[in-house]
Amino acid sequence: QVQLFESGGGLVQAGGSLNLACAASGRTFSSAAMGWFRQAPGKEREFVAAINLNGAGALYADSMKGRFTISRDNAKDTVYLQMNSLKPEDTAVYYCGAGRVQFKKFLADYWGNGTLVTVSS
């Protein structure tokens with residue numbers, strides 16, 4: 001079992017930056033791929049980014065490439081999502097997930113409760 005706790009959300013103006021963090025406890029963090037998803041009001045949850053066990057490989061949704069960077073610190077059992085050049089359409093609840101990558105797709109087995117990001121225009 002893995003427990004995930006997101007933090008770092010908040011209100012930011014368009015063009016600004018936020019750095020989300022997800023702290024994990026429970027099973028060994030370094031044995032799981034980690035990822036971020038988001039869900040905007042009235043929309044389905046969508047994939048944002050994922051990172052493999054040792055942090056050497058990452059996947060991104062096309063709309064986030066070049067603006068978002070996922071990283072992890074296995075010594076701190078924490079995964080991060082640095083978000084730059086934020087747009088109002090990035091407004092959503094951002095969820096951290098722990099799981100695995102299969103055929104270049106991230107599959108989450110565990111979820112956090114989410115952190116709200118609001119980008120004002």
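Position 1 is the first residue of the sequence; numbering continues from there.
Side-chain atoms of R100 do not come within 3.5 Å of backbone N or O of D109 as any donor-acceptor pair. No side-chain donor-acceptor contact under 3.5 Å links T115 to the backbone of Y94. Panel note: side chain Y60, backbone I70; a donor-acceptor pair is recorded below 3.5 Å.
From W36, atom CH2 reaches atom CE of M64 across 12.5 Å, with rounding to the nearest 0.5 Å. Put simply, CZ on R45 and CZ on R38 are 13.0 Å apart, with the number rounded to the nearest 0.5 Å. To the nearest 0.5 Å, atom CG of residue L4 and atom OH of residue Y110 are 9.5 Å apart. In this structure, the separation between CD on Q82 and CG on L20 is 8.5 Å, given to the nearest 0.5 Å. Annotation: the span from S85 atom OG to D90 atom CG amounts to 9.5 Å, rounded to 0.5 Å. Once rounded to the nearest 0.5 Å, the distance linking CG of N54 with CG of N74 reads 8.0 Å.
A single hydrophobic cluster is seen to contain both I51 and F68, as judged by linkage of ILVMFWY side chains at heavy-atom distances under 4.5 Å, directly or through other members.
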Please set out all donor-acceptor pairs under 3.5 angstrom arising from side-chain atoms of residues 5-18, sequence neighbours excluded.
{"residue": "E6", "atom": "OE1", "partner": "N113", "partner atom": "N", "Å": "3.1"}
{"residue": "E6", "atom": "OE1", "partner": "G114", "partner atom": "N", "Å": "2.9"}
{"residue": "E6", "atom": "OE2", "partner": "C96", "partner atom": "N", "Å": "2.8"}
{"residue": "E6", "atom": "OE2", "partner": "G114", "partner atom": "N", "Å": "3.2"}
{"residue": "S17", "atom": "OG", "partner": "N84", "partner atom": "OD1", "Å": "2.9"}

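Legend: residues meeting salt bridge (Lys or Arg N to Asp or Glu O under 4.0 Å) with K87, ordered by chain and number and at least two apart, are absent.
Through chains of ILVMFWY side-chain contacts below 4.5 Å, L116 is grouped with F37, F47, L59, V93, Y95, V101, F106, W111.
Just one residue in the list L81, T78, V79, V2 forms a side chain to side chain contact (heavy atoms under 4.5 Å, CB included) with M34, and that residue is V79.
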